[in-house]
Structure formats: structure tokens, C-alpha cells
There are 2 protein chains.
Amino acid sequence: MASIQKSRPYAPVLDRLKQAGLRPTRQRIALAKLLCDAGDCHFTAEQLHAKAAAAGVRVSLATIYNTLHQFTHAGLLREIVVSPGSSYFDTNISDHHHFFFEGRGELSDIAGDDVVIASLPQPPSGTTVDRVDVVIRVKNI
Amino acid sequence: MASIQKSRPYAPVLDRLKQAGLRPTRQRIALAKLLCDAGDCHFTAEQLHAKAAAAGVRVSLATIYNTLHQFTHAGLLREIVVSPGSSYFDTNISDHHHFFFEGRGELSDIAGDDVVIASLPQPPSGTTVDRVDVVIRVKNI
DNA sequence: AAATTTGTTTAGAGAAGTTCTAAACTGTTG
DNA sequence: CAACAGTTTAGAACTTCTCTAAACAAATTT
């Protein structure tokens, strides 16, 4: 089923890699395509590794980690820490928040508009706000 | 310097352990005292292990982990996940939020009143809200 | 287009944090 | 105080992630 599409380089993906100062290698292009095609979703390094393998893309786990961090640094992904032991990455980089299902260890998006914060404290002097994360932890009834 | 106070069992600590169905063992009493005396603070398992050792309390790391989870489950502590690789525990169990200093990997409390959330989405059907965590990630200017 | 340079990938080792195991121990109960 | 059930412990094991150094590939130079 799943076949590798080496022949269609996806211009926007190439541009984004170039902007980030990253060479468009076979691995990075394949992973970027996988992520683009996936739509908004949350995944761990292991999950992306498995997904890549399933799509016929041979990439080492070390490269998965490198790439996830590079993409995160370049603003193509967002890292979310909600449970001890593993990091999630989010392909949705717009302003938004998350539900976290404690039982299943899964995340789902909350549109930015759906969480209205009326007031926040000033950041401590000498610091600036990088991001405000709201996580609504839910559990099964 | 720091000496062990085996002789003063701290009635409230004993009560809390009893309420949680936990036997008041030497280790649990010592750790509970350390945490009570510390006031509001955030720490990792390793940090508590070091603090216990410094206070002359001999406790294995496995017991630190067991105890932290038991105390968290009993509502005496709160677990906070903000950075991949290690969990923090919080002795402040009142309703409040956190600043997270990305450079130093440290937490500080924000009083519950200082974050006003005007609206939140409904939890997905079949689930209830366990907790809403707001983390303001700040970095040095 | 070959040669050189520089950045990238890889397997496997290594590190860090946490959990597991099974034996020894301790608090509780009868 | 004996017997039971829960607890602690050291160390092994496990999971997630990072490091290393050698092989490799993309870019640059000639």
C-alpha cells in the first residue's frame, strides 16, 4: 500500500527547510511530508518512527529525534509536555490549547478562542513570556 | 547541623497518613515532615532524595518514588509535568498555577487569583475535568 | 562533473529517570 | 508475641532520549 513518493518534492516543504537553514535531505523531506499530510495531530518520537516505517521511509530513531527538535526550533512543530516519560509533538502551530485524557495519555486540540484568559500576572522581572500553555486534564466518568 | 527528630511524631502528619490508608513508617513520617517543614516548594524525586540524605534520613530512591506517588494520590502533593525527562512535585496543593523558567528548569507559584480564566470549553462527553493547568513559560530577556 | 567541504544519518553505546523484583523488614492484628 | 500484611531495599531492568564516531549525501569549488 503505502509507497514512497520520492518524485514529488513538495515545494512548500523545501522552502520551509531552506528557511530554517536545513538541507533538504531524503529523511527530512519524507518526514515533513508525512507531517503535512497528517493534518493537525499529536505524536511521540516513537509514533512518528513507526509511522515512517509503515510508509516505507527508512529513518533511524536518532534522526527522528534530531528532526523533531530541528522542526520544533524552526517553528514547524510545537513540543508539548503533559506526561512524565515522553514528549508529544503537535503539528498545529497556531495559538491553541489542549485537553489531555489522563487514562489514555492522549491529547486533543482546543481552539485558541475557546479558552479566554481575562488576566495573567506580569512575568518576573528579567523574563519575558514565551508561551502560555493551558492543559485541561480530563478523565473518564 | 540537621538532626533526625524521631521523637516528635507530628500528629497532623500521622493523621494524614492514616486517612490515606498508609502505615506511618519511619520513612513516610520523615519524608512527610521534611515536606511540611519545607513550605511551598517544587522538587524532583532526586532532589528530595538528596534533601533526605542531607537531613540524615536514610531512604532508598525506590521509596522516594513510591512515597511521592502515594502522597500525590492521597492529595498531599501535586505532580507537575513541565519538562521532558523529569517530574516535579509541588507541596502547594491549593488552586494555583505556575511560571516555568525555561533556562533554569525551575517553577514558581502563581496564586490562583492571579490567573482569571473567563471561559473554558466543555470537556468531551464521557469525561470530567480533573484539573486545569496553566503554565506560563518564561525565558530570560 | 570530479573533488572538496560541510552538514547529515546511522547503529549502537550511553545516560537519565523511573519502575520492577524478590528478599528482608516492620507495623498491625489476633 | 506470633502471624500476617504491608513496606522498604538494592540492584536489575526498562524507557526515553542523547551521544559518538564512522559512513554518507548535499552543496560548493574547481
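Within every chain, numbering begins at 1; the chains are lettered A, B, ... in the order of the sequence lines, protein sequences first and strands thereafter.
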Hey, does [X] reach any base, or is it just sugar-phosphate, or nothing, if we go heavy atoms under 4.0 Å?
| X | value |
| --- | --- |
| B:Leu61 | base |
| A:His49 | nothing |
| A:Pro24 | sugar-phosphate |
| A:Ser86 | sugar-phosphate |
| B:Thr44 | nothing |

Problem - Heavy-atom donor-acceptor pair, A:His49 side chain to A:Val59 backbone, under 3.5 Å - result: yes

Handout entry: Sidechain-backbone polar pair: A:Arg137 side chain, A:Val82 backbone, donor-acceptor under 3.5 Å
Key = yes

Output the rounded distance in Å from [atom1] ([X]) to [atom2] ([N]).
| X | N | atom1 | atom2 | result |
| --- | --- | --- | --- | --- |
| B:Asn66 | C:dT21 | CG | C1' | 12 Å |
| A:Arg23 | C:dT6 | CZ | P | 10 Å |
| B:Ile29 | C:dT28 | CD1 | C1' | 14 Å |
| B:His69 | C:dT18 | NE2 | C1' | 8 Å |
| A:Leu22 | C:dT6 | CG | C1' | 14 Å |
| B:Leu68 | C:dG17 | CG | P | 14 Å |
| B:Tyr65 | C:dT18 | OH | P | 3 Å |

Practice task
Mark yes when over 12 heavy atoms from residues, nucleotides or ligands other than B:Arg58 sit less than 6.0 Å from its CZ; otherwise mark no.
Solution key: no

Fill in the blank from the handout: d(B:Leu120 CG, A:Phe99 CZ) to nearest 0.5 Å is 8.0 Å

Exercise for the section: Supply the atom-to-atom distance A:Leu48 CG to A:Phe89 CZ, rounded to the nearest 0.5 angstrom. Expected result: 9.5 Å

Practice task
Any pair with a residue in residues 73-101 of chain B that passes salt bridge (charged side-chain N to carboxylate O under 4.0 Å, His left out), sequence neighbours left out, goes on the list, sorted by first then second residue, please.
Solution key: B:Arg78-B:Asp133

Problem - Segment of DNA chain D, first to last nucleotide, that comes within the 4.0 Å heavy-atom reach of chain B - result: D:dA5 to D:dA10

Handout entry: C:dG27 OP1/OP2 closer than 4.0 Å to side-chain N/O of B:Arg26
Key = no

Problem - C:dT9 phosphate, OP1 or OP2, under 4.0 Å from A:Thr25 side-chain N/O - result: yes

Problem - Pairs touching residues 16-42 of chain B that satisfy ring-ring contact (aromatic ring centres under 6.0 Å, His included), sequence neighbours left out - result: B:His42-B:His98

Handout entry: Pairwise 5' ranking along DNA chain D for B:Val59 and A:Tyr88, keeping only the more 5' one
Key = B:Val59

Handout entry: Earlier contact from the 5' end, DNA chain C, for A:Gly85 and A:Arg58
Key = A:Arg58

